[in-house]
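Okay, structure first, notes after.
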Amino acid sequence: MNKAFIPSEWEEKLYSFWEQKGYFKAQINKDKQPFSIILPPPNANAPLHLGHAMYVYEDIMIRYNKLLGKEVLWLPGADHAGFETQFVFEKNLQKQGKSRFDYDRETLFTMIWDFVMENRPIMESQLKRLGFALDWEKKKFTMDDDIVKIVYETFKKLHDEGLVYRDTKLVNFCTHDGTSFSDLEIIYREETAPLYYMKYGPFELATVRPETKFGDTAVAVHPDDRRYKKWIGKEIEVTGLIETFKIRVIADEAVDPKFGTGVVKVTPAHDFNDYEMAKRHNIPLKQVIGFDGRLNELTGPYKGLKVLAAREKVVEDLKQKGLITKIDESYTHSVPTCYKCGRVIEPLPKEQWFVKVRPLADQAIKLVEKGEINIYPRRFKRGLIDWLKKFHDWNISRQIVWGIRIPAWRCSKCNEWTVTSGEKPTNCLKCQSKELVQDEDTFDTWFSSSQWSYATLLTQDHHSQLSNLNSQFYTYFYPTAVMETGYEILPWWVARMIMMGYFATNKVPFKNVFLHGMVRDKQGRKMSKSKGNVVNPMEVLDKYGADALRAALIFQTTEGGDITFSEDKAVGMRNFANKIWNVGRFLYLNRNGKMKEENGKSKKKLSDLHKEFFQLKKKSIKNMDSYNFSLAFDTLFEFLWHRFADFYIEELKEEVRSGNIKVLEGLEEVYLQVLLMLHPFMPFVTEAVWKEFHGEEKSILDMRIEF
RNA sequence: GGUCGCUUAGCUCAGUUGGUUAGAGCGUUCGGCUUACAUCCGAAAGGUCGGGGGUUCGAGUCCCUCAGCGACCACCA
């Protein structure tokens with residue numbers, strides 16, 4: 001044995017060994033209890049960041065359960081990450097002086113496909129470097145044909161059962177990226193903006209968006225507001241910029257009499273609250289801003305101006321006409337922005353596909369409340385339920401090419417939609433016309449990934465389909481044991497997987513949810529490119545080894561809490577890996593000692609050691625089983641280093657050196673069992689020692705933790 | 001405004017159902033290259049466990065309250 005554990009001499013070798021010998025391969029084994037985890041598929045086109053290394057929790061669970069004798073499956077995958085990827089790709093195009101508009105749909109799609117396929121192996125090889133016991137033969141890509149097929153079948157089933165519908169509604173639209181988003185993909189940003197007070201017929205009202213004036217279709221006041229009571233239900237005449245127009249005054253509870261003047265202009269086509277108000281009062285929509293972010297033909301001389309330019313000009317002109325009475329420059333409010341490009345989101349009316357969320361979410365709430373799905377750490381249960389309660393109908397249409405195209409065709413004669421599970425319909429279901437045009441849009445990536453847990457398992461059998469849930473592999477491993485992921489995607493993914501999983505399979509997609517926190521820098525700040533504090537997991541790995549990186553993310557942390565990562569910690573854990581190695585080396589080097597009778601002193605020490613170890617093992621198993629992995633690891637660390645090495649070995653050192661075989665065997669027995677318990681956390685060093693002790697062809701993964 | 005979390009040694013953090021002199025990693029001081037390991041060993045300094053109140057034989061651990069910090073969400077004409 002080397003004097004020190006050198007990770008680079010072992011890691012690649014050991015991983016290939018595990019893979020080649022099929023240790024990560026899952027198969028149906030009726031005699032064993034299944035334990036399955038689906039890896040949250042990392043973005044196929046991007047290298048891993050430190051957050052991905054947190055999936056080490058999954059590896060810990062997988063390896064631990066394997067050592068308990070279960071049939072384990074950890075299924076890897078890659079995410080096409082629709083908009084994310086298209087966004088990155090467009091940035092690359094930009095650098096070459098090109099844009100998405102320079103290519104037709106097919107060409108652009110193919111270019112992105114090639115780009116993603118080229119990058120995908122990077123992410124995959126990084127998962128291997130982390131030592132993850134993934135069953136690579138079963139890997140899936142979110143755009144694999146068979147996965148897409150399942151997504152289509154789910155979509156059709158939803159449509160058939162009235163849980164997906166087509167409608168024109170106000171959606172969040174990014175005029176720069178040219179696509180709509182769901183509610184989750186917008187970020188509200190605090191902003192100080194002028195609040196303009198303007199004359200409006202007999203009223204005065206306040207607005208931050210004077211340029212939407214052309215889209216006003218009502219004026220609203222609070223029903224109990226004495227100042228304006230006499231106007232309610234009446235039409236008023238307003239001097240505008242283009243013309244003088246008449247507009248109705250409505251009364252609505254949503255108006256806050258204390259804000260501004262207590263009068264609101266209602267612009268249903270460009271404001272979510274106004275849209276709701278308009279629905280309540282049956283007021284028409286008038287769209288004056290287009291999907292290009294410019295004012296349209298209904299705005300006369302302002303046509304063609306971008307929103308901000310239009311605002312300036314409108315204000316200028318209103319001033320000229322003496323219609324602006326006051327400007328509050330210190331008004332702060334939050335504006336919706338695109339989570340990706342940061343530009344202001346424009347609420348616009350658009351015809352899209354929506355998931356009718358309430359029935360699905362209500363069902364999901366029941367499942368969580370009843371404990372059909374357990375959440376760890378427990379405090380996230382509340383958050384999950386809150387999210388599920390808040391969900392509104394979900395816009396799943398995206399105006400991007402990089403994604404799964406929606407299997408819906410519109411009839412050019414009668415305008416009716418025909419939804420299929422993928423194949424082009426021969427004729428319109430309503431009027432039989434054969435002139436059908438497929439929807440240009442693609443699915444929200446999260447719509448397809450909400451189906452990931454059953455789609456990945458179903459598709460392991462070639463001819464499986466949603467209507468026939470009898471495939472063996474699926475039946476054996478579904479529902480999966482645990483869904484492990486970062487708490488920040490609870491609403492995006494976990495909540496929706498529960499909804500869709502239960503809808504499609506009538507079973508929960510997983511029995512347990514385990515959530516980990518975010519990795520922050522040493523000062524506790526979020527890691528971001530702009531702050532320059534991003535830690536590349538591969539660099540840490542190169543420097544200190546995979547075991548050290550993994551352990552650094554677990555050691556003395558709290559499950560679900562954010563983790564401050566510092567290189568110091570990796571150093572400490574590299575040292576621990578070396579300690580594990582050297583304890584082994586000490587025992588190994590003394591193995592050739594001559595037989596010798598034990599004396600009383602060592603007998604007592606050995607029995608103390610065994611007692612202590614028995615307690616430790618009980619405690620560790622209890623902690624592992626209750627998802628307190630960090631505590632289990634801390635305990636093992638403390639025991640091996642400060643009890644086993646610093647105390648027991650030191651006490652018994654002379655005995656060992658002088659060849660007391662009983663003492664050596666006693667120590668070795670405990671040591672090897674500790675290795676077994678440590679293996680899920682630090683798989684490389686433990687396996688390396690195991691091989692040194694038992695031979696190159698042996699693996700610690702053949703061992704079982706016994707009670 | 002809502003929900004959740006955090007406040008323990010110089011720094012970063014553990015401390016599971018309340019129980020003996022409160023721990024770790026890194027750092028600091030002193031002493032050791034002892035043939036497993038200097039990626040080490042031994043010793044030491046360093047904490048009124050955010051403030052206050054309560055429950056209890058006993059509280060860092062439970063309850064109330066105050067303060068500070070943070071995250072997420074909602075509203076915003």
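All chains are named by letter (A, B, ...) in the order of the sequence lines, taking the proteins before the strands, and each is independently numbered beginning at 1.
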Could you please name the option among B/U39, B/A74, B/A24 that lies closest to any side-chain atom of A/N575? B/U39
Partner of B/C72 by Watson-Crick or G-U wobble geometry, both contacts under 3.5 Å, or none? B/G2
Judged by nearest nucleotide, the residue sitting upstream toward the 5' end of RNA chain B, A/S630 or A/H333, is A/S630
Assign A/V208 to base, sugar-phosphate, or nothing according to its heavy-atom contacts below 4.0 angstrom with the strands shown. sugar-phosphate
Students often get this wrong, so: under 4.0 angstrom with heavy atoms, is A/K526 touching a base, only sugar-phosphate, or nothing? sugar-phosphate
Looking for any heavy atom pair under 4.0 Å, which part of the strands does A/K3 touch: base, sugar-phosphate only, or nothing? sugar-phosphate
Between the side chains of A/R591 and A/E668, is the shortest nitrogen-to-carboxylate-oxygen separation below 4.0 Å, so that they form an ion pair? yes
Under 3.5 Å on both distances, the Watson-Crick or G-U partner of B/G58: none
Taking 4.0 angstrom as the limit, do A/E567 and A/K543 come out as a salt bridge? yes
Remember a base hit wins even if backbone is also touched, and classify A/N623 as base, sugar-phosphate or nothing at under 4.0 Å, heavy atoms. base
With rounding to the closest Å, how many angstrom separate the C1' atoms on B/C64 and B/G27? 39 Å
Please tell me whether A/F514 and A/F629 form a close aromatic pair, meaning their ring centres lie under 6.0 Å apart. yes
Pair of N/O donor and acceptor under 3.5 Å linking B/C37 base with A/K579 side chain: yes
Is A/V266 touching bases, backbone alone, or none of the nucleic acid, heavy atoms closer than 4.0 Å? nothing
What nucleic acid atoms does A/D562 come within less than 4.0 Å of, heavy atoms only: base, sugar-phosphate, or nothing? nothing
Any-strand Watson-Crick or G-U partner of B/U7, both distances under 3.5 Å: B/A67
Would you indicate which nucleotide in B/A36, B/G15, B/G5 comes nearest to any side-chain atom of A/L631? B/G15
Nearest non-hydrogen partners of A/N533 and A/K526, listed with the distance: ND2-O, 3.1 Å
From B/U39, B/U3, B/A36, nucleotide with atom closest to A/N578 side chain: B/U39
Contacts of A/K569 and A/T564 projected onto RNA chain B by closest heavy atom; the upstream (5') one is A/T564
